[in-house]
Amino acid sequence: QGVRDVLPAADITVLPLADGGDGTAEVICDALAGRWVNCRAHDPLGREIDCRYVHVDRLQLAVIEMSEAAGMRRLPAKDRDPLRANTFGVGQMILHAARYGAREIIVGLGGSATNDGGFGMARALGYRFFAVDDTQLRIAVSKLDKLKVIERPRHLKLPAIVAATDVQNPLLGKNGSSEIYGPQKGADNAAIKVLECALKKFAGVAAKEFGVDYRDRPGAGAAGGLGFGLMMFAGALVRPGFDIVSEIVGLESKIRNADVVITGEGRLDKQTLEGKTPAGVARLARKLGKRIFAIVGEATEDIGAGKLFDGVYEVRQAGVTQAQSIETASDLLRKRGQELARLLDGGTAAG
């Protein structure tokens with residue numbers, strides 16, 4: 001609206017995008033004329049809930065967002081507990097999609113309330129886990145430090161699975177899932193140590209049992225280690241979510257035909273540069289020699305955004321609270337769009 005106010009003759013193409021997190025299934029559904037399929041699954045604390053995923057009939061493709069079953073949005077802040085939260089519901093959704101006829105499943109990793117390394121998901125697929133005293137381990141991630149044996153399901157047949165994520169973190173260590181993302185899921189320092197110990201044992205036993213070790217693979221730490229679990233127990237290929245979505249919606253050809261590209265997000269910061277959608281759009285625009293601008297809620301000053309963008313416009317202005325900015329976001333976005341259009345129209349940026 002803001003651009004059109006200043007440049008009424010502009011030919012504007014709006015293209016929704018995602019990077020594997022929330023919104024990925026919807027974007028792919030719209031791009032490929034898919035449809036939503038309903039199923040029942042467990043939430044992070046084991047309560048049965050209604051879930052849905054996308055199925056594209058002509059491609060026999062299913063698109064699942066792990067957050068639909070095991071996301072932060074499923075739990076109020078007071079119930080967040082990564083020592084109990086698990087991904088069992090994600091495994092249920094994968095099995096439902098497989099039985100529905102999917103020959104390929106894309107699993108979007110983002111917004112998780114879990115930090116179980118895919119332990120819950122694996123249990124839903126039929127894997128069984130036994131402790132040193134031969135008792136079967138269920139639900140509690142913290143008990144995995146007692147893990148001794150993993151028993152494979154006898155008749156598990158899964159379609160090709162692709163894990164879509166913008167996260168490159170390994171499973172363990174200072175940059176691992178527990179240390180980096182545990183706190184936002186409700187884990188204090190003591191819980192982080194427990195989770196790290198449990199997942200270290202989990203990964204070690206799995207590597208010994210299956211003869212392959214994924215703990216250090218980029219993306220293993222995504223969604224509380226679900227990236228690791230999908231690789232280990234479902235034979236998944238991990239790919240950047242932005243790459244998957246941009247290929248499906250034909251982003252490169254659309255940018256190639258454009259004069260100016262505008263993208264944005266709520267907060268432009270260091271995480272943006274690690275693979276989130278705006279950075280992916282900017283790099284592609286740079287590759288194709290196009291001018292690229294970002295309109296964002298706010299931006300940090302230390303991320304070197306100038307190397308990616310020709311200009312960054314912040315919605316939030318000095319002296320205005322975040323709450324006020326959110327309340328008037330539509331008007332503020334329109335104003336930033338007008339400012340950018342005036343820059344383009346005034347010749348400061350060619351064309």
### Val167 and Tyr181: CA distance, side-chain angles, deciding distance, side chain to side chain contact (heavy atoms under 4.5 Å, CB included) verdict
CA-CA 11 Å; Val167 169; Tyr181 301 107; 3.7 Å; yes
### Task
Give the C-alpha distance, both sets of side-chain angles, the deciding distance and a yes or no for side chain to side chain contact (heavy atoms under 4.5 Å, CB included) between Cys39 and Met93.
CA-CA 7 Å; Cys39 66; Met93 293 183 71; 4.0 Å; yes
### Message
Can a donor-acceptor pair be found, under 3.5 Å and without considering hydrogens, that links the side chain of Gln60 to the backbone of Glu104?
### Response
no
## Note on the structure
Rounded to the nearest 0.5 angstrom, the CG-CG distance for Asp345 and Leu340 is 11.0 Å
### Query
Hey, quick one: are Phe233 and Ile139 part of the same hydrophobic cluster, counting side-chain heavy atoms closer than 4.5 Å, chains of contacts allowed?
no
### Query
Does Leu45 sit in a hydrophobic cluster with other residues, and if so which ones, taking ILVMFWY side chains as linked at heavy-atom separations under 4.5 Å, directly or through other members?
Leu75
### Task
Determine whether Leu32 and Ile105 fall in the same hydrophobic cluster, where Ile, Leu, Val, Met, Phe, Trp and Tyr are linked whenever their side-chain heavy atoms lie under 4.5 Å apart.
no
### Task
Please round to the nearest 0.5 Å and tell me the distance separating atom CD of Gln136 and atom NZ of Lys143.
15.0 Å
### Task
Determine yes or no for a side-chain-to-main-chain donor-acceptor pair under 3.5 angstrom, with Arg215 supplying the side chain and Ala220 the backbone.
no
### Task
Any chance you could measure Leu172, atom CG, to Glu196, atom CD, to the nearest 0.5 Å?
5.0 Å
### Query
For Ala236 and Met231, which heavy atoms make the closest approach, and how far apart are they?
O-CG, 3.5 Å
### Query
For the atom pair CG (Asp145) and NZ (Lys200), what is the distance rounded to the nearest 0.5 Å?
12.5 Å
### Query
For Arg316, which residues count as a side-chain hydrogen bond (donor to acceptor under 3.5 Å, both in side chains) partner, sequence neighbours excluded?
Glu298
### Summary
What one should report as the nearest heavy-atom pair of Ala285 and Val261 is CB-CG2, 4.3 Å
### Query
Are Leu61 and Ile94 connected, step by step, through hydrophobic side chains (Ile, Leu, Val, Met, Phe, Trp, Tyr) whose heavy atoms are closer than 4.5 Å?
no
### Message
Could you check whether any side-chain N or O of Gln92 sits under 3.5 Å from a backbone N or O of His42, counting only pairs where one atom can act as donor and the other as acceptor?
### Response
yes
### Message
Check for me, please, whether Leu7 and Leu343 land in the same ILVMFWY cluster - side-chain distances under 4.5 Å, paths through other members count.
### Response
yes
#### Entry: Interatomic distance, Thr321 atom OG1 to Glu327 atom CD [nearest 0.5 angstrom]
8.5 Å
#### Entry: Stepwise side chain to side chain contact (heavy atoms under 4.5 Å, CB included) test for Glu179 and Asn175
CA-CA 6 Å; Glu179 288 278 356; Asn175 292 316; over 6 Å; no
### Task
Run the ring-centre check on Phe210 versus Phe228 and record whether the distance is less than 6.0 Å.
no
### Task
Only pairs at least two apart or in different chains count here, so list each ring pair (Phe, Tyr, Trp, His ring centres under 6.0 Å) that has a residue in residues 16-38.
none
### Pair Arg256 + Glu252, salt bridge at N-O below 4.0 Å
yes
### Message
Check this for me, if you would: do Glu339 and Arg336 make a salt bridge, where the nitrogen-to-carboxylate-oxygen distance has to be below 4.0 angstrom?
### Response
yes
#### Entry: Leu137 to Ala131 - nearest heavy-atom pair and separation
CD2-CB, 3.8 Å
### Task
Take Phe242 and Leu251 through the test side chain to side chain contact (heavy atoms under 4.5 Å, CB included) and record every step on the way to the result.
CA-CA 10 Å; Phe242 174 79; Leu251 176 63; 3.5 Å; yes
### SB check Lys290 Asp259 (cutoff 4.0 Å)
no
### Query
Do NZ/NE/NH1/NH2 and the carboxylate oxygens of Arg84 and Asp116 come within less than 4.0 Å?
no
### Message
Under 4.5 Å between side-chain heavy atoms, counting indirect links through other Ile/Leu/Val/Met/Phe/Trp/Tyr residues: same cluster for Ile106 and Ile64 or not?
### Response
no
### Query
Below 4.0 angstrom, N of the basic side chain to O of the carboxylate: do Asp166 and Lys276 qualify?
yes
### Query
Are there more than 12 heavy atoms of other residues, nucleotides or ligands under 6.0 Å from atom CG of Asp133?
yes
